[in-house]
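One structure, as structure tokens, below. Some questions next.
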There are 2 protein chains.
Amino acid sequence: MARTDQTQAAVLGALSVTPMSGYALRQEIRDTLGHFWSESFGQIYPALAELARHGLVERRGGERTGSSTFAITAAGTARLRELLAEPAQPAPPRNPLLLRLFFGRHLGPDACRELVQQSRARAEDQLARMAAVRRELAADASSPADRPYWLLTVSAGEHAARAQLAWADEALAALADLRSADGADRLPSASPTPEEHP
Amino acid sequence: MARTDQTQAAVLGALSVTPMSGYALRQEIRDTLGHFWSESFGQIYPALAELARHGLVERRGGERTGSSTFAITAAGTARLRELLAEPAQPAPPRNPLLLRLFFGRHLGPDACRELVQQSRARAEDQLARMAAVRRELAADASSPADRPYWLLTVSAGEHAARAQLAWADEALAALADLRSADGADRLPSASPTPEEHP
DNA sequence: GGGCACATGTAAGCTGTTACATGATTAA
DNA sequence: TTAATCATGTAACAGCTTACATGTGCCC
């Protein structure tokens, strides 16, 4: 229910694939879950300590620093199942781009176009990253049981990115219309409106 | 840059459309910006106090309780422009549904299907809400200068919701395949594998 | 010997939600 | 008069990021 549970679920989940260090855990979460999840060091290490205290993960190797790894225990796997079965409550939305566009009248069409273009570029990046992940998954033969589930999240990222691209193109066109209409209103003498869109 | 600035931007932005009370502010933000933004009382009232202290908004009417309203000042409008011009940094993603699906092996295909179906239902809800907003906007003739910008955010919501629908259908099909493959693996004697996918 | 990647942790501080306290107005 | 809605605020707490402190092992 609490957010901490989500961090624990992410940590236990990652360790259910393979044992690793806290440092590697953070990299895995950033690189593999990056398009739909994030955790910082300040979350991961306390979570690992808590999980170890309850016997849900086990520390192996160098106690201090160096090549220590954390492995999930049987109790940890059971706990993971519990955590995953809890209802997935979506977080309250906070989209700073759409906030700016909603009050875009104060920014003007050109500044808005720039924002949308940045968003479009991010979507293309994401599409490229998703394609790269697909290639990696195709090349890597480990964890065959996990693969179909991982592909679902990749597909979600692709659908979202393509939708963002399509919306951005539509928004850019609308803002272009707005700009010329605006210009015609406010600067009637600026230029003889070189080309009107039919 | 800080999150507080975002709250101030949302509050100033809403008041730039029309003056209203803090209570109404919260309702407007929930009902109108709801699909891409959220603020709670605990954010709104301190933000209003802070803005009033700096002369960016002005309290009118009953000082105590009752029919008091807050109105944006000229300085407030200028500040809003500044805030909106600041770079829109996207928040770190946190999608509890995709987290569960990624580790879906531990949940099994059926539990995953249920999650996806819930997500699909939410997307349909959102699509319906966006359609309602479109109707309201078409009927309401006030704020014509804001309308094109508002429509951009509605369109973003529609694109996102449609993408979620398309993905959900794809995911449900994939999970159905997985379920039957799984059943064939784990329960070879259950039924003579009625239909195999080629 | 210096720099870099690996590795573990803590503390401060901000953001944000929730629950609570308080009271006015209005409708049943 | 009781309940619901409108209205304003505060306090406690949870979640999360960032920066810092510390140390190892390896390669150039």
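The figures here come from the full heavy-atom set of this structure, side chains too, leaving out hydrogens, waters and symmetry mates. Below, read A as the first sequence line, B as the second, and so on, with proteins coming before strands; counting in each chain starts at 1.
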Handout entry: Side chain of S38(A) (C-beta onward), nearest among dT17(C), dT17(D), dT10(C)
Key = dT17(D)
Handout entry: Ring-face cation contact, F41(B) with R26(B), 6.0 Å cut, 45° max
Key = yes
Problem - Spacing between R53(A) atom CZ and dG9(C) atom C1', to the nearest angstrom - result: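 For the pair R53(A) CZ and dG9(C) C1', the rounded distance is 13 Å.
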Exercise for the section: Report the nucleotide, chosen from dG9(C), dA7(D), dA5(C), that has the shortest atom-to-atom distance to any side-chain atom of Y23(A). Expected result: dA5(C)
Practice task
Determine the minimum heavy-atom distance between A171(A) and V116(A), stating which atoms define it.
Solution key: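 Here A171(A) and V116(A) meet closest at CB-CG1, 4.1 Å.
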Handout entry: Candidates dT8(D), dT10(C), dG16(C) - which lies nearest the side chain of F70(B)
Key = dT8(D)
Practice task
Kindly point out which of dT8(D), dT8(C), dT17(D) is positioned nearest to the side chain of S68(A)?
Solution key: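 When the side chain of S68(A) is considered, dT8(C) is the closest of dT8(D), dT8(C), dT17(D).
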Handout entry: Rounded distance in Å - CD (E39(A)) to C1' (dC16(D))
Key =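 Those two atoms, CD and C1', are 9 Å apart.
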Handout entry: Closest-nucleotide ordering on DNA chain D, the 5'-leading residue of Q27(B) and A49(B)
Key =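 In this pair, the answer is Q27(B).
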Handout entry: Interatomic distance where CZ belongs to F41(B) and P belongs to dT17(C) [whole Å]
Key =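 Atom CZ in F41(B) sits about 12 Å away from atom P in dT17(C).
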Handout entry: Any S40(B) side-chain N or O less than 4.0 Å from OP1/OP2 of dG16(C)
Key =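 Result: no.
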Exercise for the section: Can you tell me the distance, in whole Å, between the CZ atom of R30(A) and the P atom of dA7(C)? Expected result: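 After rounding, the reported distance stands at 13 Å.
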Practice task
Would you check if S16(A) and L80(A) make a side-chain contact, meaning some heavy-atom pair closer than 4.5 Å?
Solution key: yes
Problem - Integer-rounded Å distance: dA19(D) P and R26(A) CZ - result: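 The distance from CZ of R26(A) to P of dA19(D) comes to 12 Å, rounded to the nearest Å.
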Practice task
Could you tell me whether G22(B) contacts a base, only the sugar-phosphate backbone, or nothing, with contacts defined as non-hydrogen atoms closer than 4.0 Å?
Solution key: sugar-phosphate
Problem - Whole-Å distance separating the CE atom of M20(B) from the C1' atom of dT8(D) - result: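 After rounding, the gap between these two atoms is 16 Å.
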Exercise for the section: Give the nucleotide from the list dG9(D), dC16(D), dT17(C) with an atom nearest to the side chain of Y45(B). Expected result: dG9(D)
Exercise for the section: Please examine the side chains of D31(A) and V133(A), heavy atoms only from C-beta on, and report whether any two atoms are closer than 4.5 Å. Expected result: no
Problem - Distance, rounded to the nearest Å, where E28(B) contributes CD and dA7(D) contributes P - result: 12 Å
Handout entry: Residue pair S119(B) / Q164(B), side-chain heavy-atom distance below 4.5 Å
Key =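 The answer is yes, as the side chains (C-beta and beyond) meet within the 4.5 Å cut-off.
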Exercise for the section: Nearest whole angstrom, please: distance from the P of dC6(D) to the CG of D31(B). Expected result: 11 Å
